[in-house]
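Let me begin by presenting the structure, written as structure tokens, before commenting on it.
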Amino acid sequence: MNINKPNLKIIRKCYDILLEYYGEQGWWPVGANRTNEPSYTITNKNRIMSHEEKWEIIVGSILTQNTNWKNVIKSFADLANPSFPSPKEILDMDLEKLAMLIYSSGYRNQKALRLKNIANFFLENKFDKLSEYDIPRLRNILLSLNGIGNETADSIILYAFSKPSFVVDAYTKRLLIRLNLISEKTTYNDIQNIFHENLPKDSEIFNEYHALIVEHGKKHCQKTKPICETCPLSIDKICSYQI
DNA sequence: CGCCAGGGCCTCA
DNA sequence: TGAGGCCATGGC
């Protein structure tokens, strides 16, 4: 899937426009244990995640699958009482208890099994070792785990390991379709390649761009009732924007 | 009430 | 490989 030559700069333009319009998003939100501060609003950009934070991001990436992030926050509050569970604590936890702790995120039985499966992997494979792998190798390992598909793998690579692998989600696909850059049947990898080929391979940019697309999807590019009147990515605004 | 939200797995052609 | 069914809570 190639986009037309004249459109090549659209990907860069949209990033600049979204960043200017919405501001920095500060992803990935971490801090489930810091209940005494607004942990979900702190800026995490340019920060190397601790092992605990990496694990929290991984858990969050599973819980947020096909689910509103607000539901995940509720689960985090339950999980983090009294403290956010380590991989070993997840693994040792009674399955039914774990399922109830993540109740509000939906699919509790599926996700409880996935969390235990993934916790077992990260008990045996340390973050320091995994950090040394290149993106394709790390990605294949993550994809081999039950419960981690394309988007979750890239979310973990990008937000936990700070490596530049672009995250494609439903918002991303919808946006590119409405920008007339792809079709409904364009695959995950083809969509990801559009971003990889038109942006510097920079984890900070990938981090911010995906978060901005999600914010844009929530504020303007909704599935059923998009708000096109004030859309910062309307055709005329994109065309008149100079890099 | 129906639809959607920061998906992925399994099955069956 | 691709379409369809399934998992399931909470907001609107």
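To find a chain, count down the sequence lines: A is the first, B the second, and so on, and within it residues start at 1. The analysis underlying the following values was restricted to heavy atoms, covering all of them including side chains, and did not include hydrogens, waters or symmetry mates.
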>> Is it true that A/N189 and A/T187 share a donor-acceptor pair across their side chains at a distance under 3.5 Å?
In response: no
>> Taking any heavy-atom pair under 4.0 Å as a contact, classify A/E151: base, sugar-phosphate, or nothing.
In response: sugar-phosphate
> What integer distance in Å separates A/E184:CD from C/dT1:P?
Replying inline: 20 Å
> Can you tell me how far P of C/dC12 sits from NZ of A/K70, to the nearest Å?
Replying inline: 6 Å
> Does OP1 or OP2 of B/dA5 have a side-chain N or O of A/R174 closer than 4.0 Å?
Replying inline: yes
> With respect to the side chain of A/T224, which nucleotide from B/dC3, B/dG8, C/dG10 is positioned closest?
Replying inline: B/dC3
>> Suppose we call two aromatic rings close when their centres sit under 6.0 Å apart. Are A/F206 and A/H196 close by that rule?
In response: yes
>> Both distances below 3.5 Å, Watson-Crick or wobble geometry, any strand: find the nucleotide opposite C/dG11.
In response: B/dC3
>> Work out how far the P atom of B/dC3 is from that of C/dG5, and round it to whole angstrom.
In response: 14 Å
>> Measure NZ/A/K111 against P/C/dG10 and give the value in whole Å, please.
In response: 12 Å
>> Rounded to whole Å, how long is the line connecting atom OH of A/Y103 with atom C1' of C/dA8?
In response: 8 Å
> How is A/L145 classified with respect to the nucleic acid when contacts are heavy atoms under 4.0 Å: base, sugar-phosphate, or nothing?
Replying inline: sugar-phosphate
> Nearest-Å distance, CG (A/N71) to P (B/dG7)?
Replying inline: 12 Å
>> Taking 4.0 Å as the cut-off, does a side-chain nitrogen or oxygen of A/T152 come that near to OP1 or OP2 on B/dG8?
In response: yes
> Just how far, in rounded Å, is C1' of B/dC9 from OH of A/Y188?
Replying inline: 16 Å
> Rounded to the Å, how far apart are A/Q222 CD and B/dA5 P?
Replying inline: 9 Å
> Is NZ or CZ of A/R137 both nearer than 6.0 Å to the six-membered ring centre of A/Y133 and within 45° of the ring axis?
Replying inline: yes
>> Starting the side chain at C-beta, find the nucleotide from B/dG8, C/dG10, B/dA5 nearest to A/K223.
In response: B/dA5
>> If we ignore hydrogens and angles and just use 3.5 Å, is the side chain of A/T172 paired with the main-chain N or O of A/D169 as donor and acceptor?
In response: yes
> Do A/D154 and A/S165 have side-chain N/O donor and acceptor atoms under 3.5 Å apart?
Replying inline: yes
>> Regarding A/I148, tell me which of base, sugar-phosphate or nothing describes its non-hydrogen contacts under 4.0 Å with the strands shown.
In response: sugar-phosphate
> For the pair made of CD1 in A/I73 and C1' in C/dG10, what is the distance, rounded to whole Å?
Replying inline: 13 Å
> Between A/R114 and B/dG8, is there a side-chain N or O to OP1/OP2 distance below 4.0 Å?
Replying inline: no
> Hey, does A/K74 reach any base, or is it just sugar-phosphate, or nothing, if we go heavy atoms under 4.0 Å?
Replying inline: sugar-phosphate
> Counting side-chain heavy atoms from CB outward, which of C/dA8, B/dG8, B/dC9 is closest to A/N146?
Replying inline: B/dC9
